[in-house]
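In the text below, chain A, chain B and the rest are named by the order of the sequence lines, each starting its count at 1.
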Amino acid sequence: MTTIDAPRYTARHIDDLNMICSGQGGDGSLTVTTVLADLLRRDGLHVYTERDVLSRIKGGYAAASLRASAPERHAMGDHLEVVVAFEEQGVRRAIPRLAHDAVVVFDSSEGNLPEGLLPDGARLLAAPMGRYAVRDLGRTLYKNMIATGIVTRALGIPDDEVRDALRTRFKRLGQPILGYNLQALDLGFGAAEDLQVGEGLYNVTQTHGSERIQLTGNEALAFGFLVAGGRFFTGYPITPATDILDWLQKWLPQFGGIARQAEDELAAINMAIGAALTGVRSMTGTSGPGLALMQEGVSQAGSGEIPLVIVDTQRSGPSTGMPTKPEQSDINLMCFGGNGDFPRIVVAPGSVQDCFEIGIQATNLAEQFQIPVYVAMDQGTCQNLATIEPFDLDSIEIDRGKRLTQEQVDALGRYDRYAITSDGVSPYTVPGTAHGMSLVTGNERYPDGTVTTNPGNRRVMVAKRDRKLETAVRGGHLPSSVLWGDAEAEIGVIGVGGAFGPILEALERLEARGIAVAYHQPRTIWPVPRDTVEFINSRRRVFVAELNSAAQLAKLFIREGADPAKIQHVLRFDGEPMRPNDIVGPIASYCGQQ
Amino acid sequence: MTTIDAPRYTARHIDDLNMICSGQGGDGSLTVTTVLADLLRRDGLHVYTERDVLSRIKGGYAAASLRASAPERHAMGDHLEVVVAFEEQGVRRAIPRLAHDAVVVFDSSEGNLPEGLLPDGARLLAAPMGRYAVRDLGRTLYKNMIATGIVTRALGIPDDEVRDALRTRFKRLGQPILGYNLQALDLGFGAAEDLQVGEGLYNVTQTHGSERIQLTGNEALAFGFLVAGGRFFTGYPITPATDILDWLQKWLPQFGGIARQAEDELAAINMAIGAALTGVRSMTGTSGPGLALMQEGVSQAGSGEIPLVIVDTQRSGPSTGMPTKPEQSDINLMCFGGNGDFPRIVVAPGSVQDCFEIGIQATNLAEQFQIPVYVAMDQGTCQNLATIEPFDLDSIEIDRGKRLTQEQVDALGRYDRYAITSDGVSPYTVPGTAHGMSLVTGNERYPDGTVTTNPGNRRVMVAKRDRKLETAVRGGHLPSSVLWGDAEAEIGVIGVGGAFGPILEALERLEARGIAVAYHQPRTIWPVPRDTVEFINSRRRVFVAELNSAAQLAKLFIREGADPAKIQHVLRFDGEPMRPNDIVGPIASYCGQQ
Amino acid sequence: MTTLTTEPHVTQTFPIKDTIWCAGCGHFSVLNALDGSFGRLGIDGKDALVVAGIGCSGTIQNHVPAYGYHALHGRALPSAAGAKMANPELTVIAAGGDGDGLAIGGGHLMHTFRNNPSIAYIIMNNSTYGLTKGQASPTSQGGFRGFAAREQVDPVMLGLSIPATTFLARSYSGDGDQLEQLTDAAIRHANAGRGFAFLEVISPCVAYNDRYHEWPAHLVDVARTPGYDPRDRAGVFTQLLSWDEEGRVPTGLLFLNEDAPLADAAGPAQQDVDPASNREAYRKVLASFQA
Amino acid sequence: MTTLTTEPHVTQTFPIKDTIWCAGCGHFSVLNALDGSFGRLGIDGKDALVVAGIGCSGTIQNHVPAYGYHALHGRALPSAAGAKMANPELTVIAAGGDGDGLAIGGGHLMHTFRNNPSIAYIIMNNSTYGLTKGQASPTSQGGFRGFAAREQVDPVMLGLSIPATTFLARSYSGDGDQLEQLTDAAIRHANAGRGFAFLEVISPCVAYNDRYHEWPAHLVDVARTPGYDPRDRAGVFTQLLSWDEEGRVPTGLLFLNEDAPLADAAGPAQQDVDPASNREAYRKVLASFQA
Ligand SMILES: Cc1ncc(C[n+]2csc(CCOP(=O)(O)OP(=O)(O)O)c2C)c(N)n1
Ligand SMILES: Cc1ncc(C[n+]2csc(CCOP(=O)(O)OP(=O)(O)O)c2C)c(N)n1
Ligand code: SF4
Ligand code: SF4
Ligand SMILES: [Mg+2]
Ligand SMILES: [Mg+2]
């Protein structure tokens, strides 16, 4: 470790900045990264953020990470250029990931970092920020803006730009809070001066593209649902799904829609079903424990042929597990939960862009096929924030499936809610339509909706329901797989959601090392796409990267015909997000490299 | 069809009688078969019964079937020697299955059977039983005992034996009900005389073995739980699980135990968990819709390492489906339901004897491994009644796993509820034990039970939980597979529960046709037994017979390494029980026979 | 009991004759009253949705000239509330048994009282689980004993305990006239946007808990009780408690709160989902992500 | 608020210091009262099980010197009831938040009142979902408005509506003495086999719904209200309603029914499961299948 005596560093130009800010829950680490994200986004960089918090409101280790890069990134990198820590443990946790010339901004109110803790090359910017905040502003909370001032100086961002960003971000808080924050910022600038940061230690490349939008996967998905005509949402608070409810409660009413907090997940899914019966495009969202509770409702939607979108923002299980941590361990539950055999679709977005597109597609699919459609998210995919090009709002298509108008019903001699059709999908009416009255039920039924156990009818009805998926697959209606990297490579990798970003980045690094890899990103996981199975079976080796301990995804592919001998599992299930090196490592070593 | 003018038939001797009695729900068909079962069981025959009812209390087609045979049978045969029908539709439904010389007892109160309906060889015994009952006894209900009188005469059973059986069976009803029933019986005997049944049309072979017991799979399972020390059961009424609750409500209190109807399935499983925490051996039971609701609780038991037995008496799904009909379509839900990854065991009894043994084993396993253990039943396995040798009550073994005594706790320097152990199982204490206090939680936790998201701890804890199944497999603790038929045969068949009896019988018939078949009966289905996968992979072709449309069992084996190319699916999902010919047919045709 | 009078005149798509009920089941009367209410209230069945739970009672929707939904066991209320929220122009009627509505569905009942959606709900209380063959329900005393403290849970008392409650009534399958009146009143209350209209009908199960002969002596019609004021919540509670102690079970319109503000009647949610006509508004949303 | 006084003296196996709570959270007082009750009532923690739900409140069991179980969200009551049924000799205390106990767990609360198991239940009511960051709960008025008609569901009123209810109390985190007394009274009631003892504690969430400064002016202690009779169910209902209209929230022992028959105290269910000692009895069962 070196302490800084003089501004003897010349700023390194970087176009990929990885930063973490950590402290106790309530220390305001997230705000530091939010302000920086605003600034760097305006500089035209792509911004990506992650949170790492405990399931408690105040206290306990809490961190927010930020990546700002010229190329679009969907995950944190492996190395950290900037570390901001309000506590020593934050520094300790970051050490394994420090870049060779990392800047460490440390709140020394409770004492200095132990000598020798930081590796050589790292630059320590220590100041008693908490003490300054209490001394000058009366509340320790403002230390986060002092840190912000130090960091922005270290990154060579002009002070006025930073003040501007604060004003925009804290507008709603009003005076005097905004004023205190600005004062704290100045304290930070002062501290940076004392620490002789000079013109800055890093120089972050600016690019263009300020039209970009910045949002989380949860927001993108909810927005996709909205533009697809989604007008009804019910949920029950649960991390990390709550944001969807929040977002829709804000926006849906402005479109004549309804977003409602139900008394529990059973009510949530059954309210959504009730709404769907009236012809409203309807969605519910939850995470693992809530999804477990919803299983009877999903089976009901499958049996009764009721269109419904169900979002599962997966988190670490089993049971309550680690509620704030990412995982992909409800894949089995989505594909195989519910009692009895019924068709369902499970789609899995990777990027924030995917979340939007798949939000639209899922909403369409549910109604086209009168079927429950799961959107498989994970805590990272949900809550990490990215900067992307604005969505195309001009080519949104809505497909209401076989919804009958009054004229069509009138033209029919006889209307059967569950009419047997060659594509498995029966025309439907909604209440308000004359002569279209129907009986919808979760029992087995004749085409007219009356309950029966007639064995012949049963066979026909089961086959009819099963045909829906065949139709969806044959017609190319399901979100398609995407092939990234070297299509011809003998080595393949597969992963969804939180594995998407790390895999994309791993691809680049492997390419740089001369290892060609093809990345097959399935965006539908049930029914298992044929091309996924073919991808596996046509390569020499395929690494299936997933955030769970049981290889749920890989086993799903094996069940549907993938050759187990080709598959190598890359499993992460310790609550940490996947990192590019989790993928680079095993592939490189398979190729005989370290 | 021949009408009977004179007793020109000589009684055919049979040692395998298949009979069905049908009418409207409430007509008392089940009582007819019950009385006959009592009689034939006393004659030393093995008795097996099935019910086929609708989900309604009165009215609608309802039937009960009975098989009485010298060899033990676990399913109905393909042909019916005796048909009793209070309605024409009962005859019509039975026609495809009539034996060449079947006896058809028909209530002609509402008119005769249409001429030409019955095939040649069938013998019609028609009488206006309903009218007789109303005329002589004032209530149409008694027609079922008139029918009983005709049938027992047709089977050559002495009248006094029949009267005796009635007296025993209806003891609880008291006079005058018993008297009316006896009168009705006499009316039946009289009718038989008018119909010139003579000494009987069939002669059912008598054997010995009157020590035998007669019970359903549900009863055997509940009894197994009881003798294994099970002392707590909670359930919510649902077909076909309710019998378990009923039986245990009768017997458990006599052993200091508790069986309780909860307000719903969520309460049921959580009450059972609460009881388990006190060290009581605890079970809950339900069917598909209830099981879907219990999924969060199962995941909690998996996470918190709480011993719990969960019975799923599967019925036709999805959702409410066909509540009174058999299916095996919750296999996926049991093996893959619940959120997150956690170890669980799924066992699947075939015969009534299995139900008893596996009831004991499941109860032991739950506590040995502190894990949720599913018992996968199906409506047939649950409710069909069989006559078997009395259970061996002398060699019951109870294994309470690593339960610590006060002395053991006192000897410990430190007690950690979730101590890391090489077999994955941590020693446990129950409330009341000093210094053994523990924190049990569904969150991830340190060995001492305090909640944490520490990644290193997480990895260790996941691995610890996973080791339980490895230990169970390695130690041979799970119910083992049974091999029936010709062990060396190139053709194999696999099936559980309701497929067990039909397969066994199919084996005999195939053997008679010179086709050698090996039947592998897995009695554990999760974790998938290695020998099941090996069985499949070492044969030329394996027929996996199951009661669902999605081949859930076969796919499970494929997922775990079975070669899909070897497997041929035999699927029945129309709500009817599987029949021997469902298996004989495909195997014979595979072997080039018809 | 009563027999069905409806003809299959509204939709040709499902038969409305063949019920699964035992002859004499109390549920026939409820069906009769409900079925007739469409005509009496001039509601076109195409604008109505009847949501039923699971149980013998949970088949009533099959026989009413309206859209019908057979919900999950215990989930009739959230299903019905969801439908009403999504399309407030519909007449939404929920119905089911005492097991369905008070055991597994008990939590939803409490929350429906508090959320007060404008739906009518008819609970067909036979103090037993008919369809699963006679188990005790939350309104049964052990062994179906008595009339005094007749109920382990009295949904009317429960409703009184929740501030938002607006309409509580009870009737009896043996009293067709009162049942018709109260069914109409409940639907009218809901359709006027006054909130959740709760109607319990004592509807004996002749197969497992036949008490037709016992009920009449125990019922007391509040419409014939001088001074009974259904608007006085505390008074109603007190009166009901004291009747309960005497083994008497009140029927009629037991509680009514007309002072509560009317529920919003926003239009149906599904209107106007065409992307083209919403494009500008969607752009506003998009812009919120640029801030 | 108060700080923890307990030392980790009873078991060495888990730390009891580090709570997840924000400084000033009302839950500290509840913990303090509960923790102290073991000593005051002479209960050996080894013979007690504290079952908590999920929420900030749902971590209280980590800090009490007893066996602890962290149940599922909303399922503290059935879990606790199951444990008590299985071993009636245990002191069983359930605890959790208003979201846990009244939203997702509302159905179980009603059924626990009616089944009346001898457990104490402490609901820590902050009228919000603390752990999930401040959503409305069933006791919040829109935007956490008022004191009058303070609650959309008042669990005490709910309890009054159920015949089997035996003990209803309310306290406040700001009143440590009352809280201790009522905590002790609740546990005593349960341990005497008198049934379900329900204690609601107004326990403000300083992060999302901090109303410490507002509460004192609105609380009224029934112990200091002359003529208040907690044994008169109708009277209590009427009084509570009228206080509610005045914007006053009563605390203290609000309702007590000591006339109810004592719950059976059968011994622990797990005794004597040895196959050898039960063999003759099992044979009797076997014989029943030979009939
Ligand atoms: C989740 C679930 N649990 C249990 C059942 C089984 N079940 C069907 S109807 C019923 C109770 C019927 O009683 P009630 O609601 O009072 O209606 P009734 O038949 O008396 O009219 C039950 C428990 C089910 N269908 N679903
Ligand atoms: C089935 C399920 N749904 C949702 C959640 C998420 N969740 C955790 S705590 C909580 C509510 C907490 O509120 P409350 O019970 O009032 O406790 P407080 O934090 O206010 O003390 C919720 C909804 C969960 N854990 N499980
Ligand atoms: S069982 Fe009871 S509730 Fe069901 S139809 Fe028959 S009488 Fe009615
Ligand atoms: S968020 Fe509220 S309830 Fe939770 S610990 Fe903080 S103050 Fe207490
Ligand atoms: Mg009922
Ligand atoms: Mg709360």
Is B/Leu226 in contact with chain D via its backbone, its side chain, both, or neither, using a 4.5 Å heavy-atom distance? both
Closest approach of B/Met271 and D/Ala81, non-hydrogen atoms and distance? CE-CB, 4.5 Å
Under 4.5 Å from any heavy atom of chain D, what part of B/Asp394 do you find: side chain, backbone, both or neither? both
Any idea which of B/Gly442, B/Ala267, B/Gly432, B/Ala276 has the most non-hydrogen atom pairs under 4.5 angstrom with chain D? B/Gly432
With D/Tyr67 as reference, evaluate B/Val440, B/Thr278, B/Thr433 under the side-chain contact (heavy atoms from CB on, under 4.5 Å) test and give the passing residue. B/Thr433
For B/Leu439 and D/Gln61, work out which heavy atoms get closest and say how close. CD2-O, 3.6 Å
Against chain D, label B/Ile273 side chain, backbone, both or neither, depending on which of its atoms sit under 4.5 Å from a heavy atom there. side chain
May I ask you to test the D/Lys284-B/Gln254 pair for a side-chain heavy-atom distance under 4.5 Å? yes
Closest non-hydrogen contact found for D/Gln290 with B/Arg41 is O-NH1, 3.4 Å
Student check: side-chain heavy atoms of B/Ser438 and D/Tyr69 closer than 4.5 Å: no
Does the side chain of B/Phe255 reach to within under 4.5 Å of the side chain of D/Tyr282, using non-hydrogen atoms? yes
With side chains defined as the heavy atoms from C-beta onward, is the minimum distance between D/Leu72 and B/Asn270 less than 4.5 Å? yes
Please check: side-chain N/O of D/Arg75 versus main-chain N/O of B/Leu266, any donor-acceptor pairing under 3.5 Å? no
Please work out whether the ring planes of B/Phe223 and D/Phe289 are parallel, tilted or perpendicular, with thresholds of 30° and 60°. tilted
Side chains of B/Val227 and D/Pro275: closer than 4.5 Å at any heavy-atom pair? no
Chain D contacts, top residue of B/Val451, B/Leu393, B/Thr429 (heavy-atom pairs, under 4.5 Å): B/Leu393
Heavy-atom distances under 4.5 Å only: say whether B/Ile396 touches chain D with side chain, backbone, both or neither. both
If you count heavy-atom pairs within less than 4.5 Å of chain B, which of D/Ala48, D/Ala83, D/Ala80 leads? D/Ala83
Are any non-hydrogen side-chain atoms of B/Asp264 and D/His108 less than 4.5 angstrom apart? yes
Any side-chain heavy atom of D/Asn87 sitting closer than 4.5 Å to one from B/Val430? no
Go through the atoms of B/Ala272 and report whether side chain, backbone, both or neither lie under 4.5 Å from a heavy atom of chain D. neither
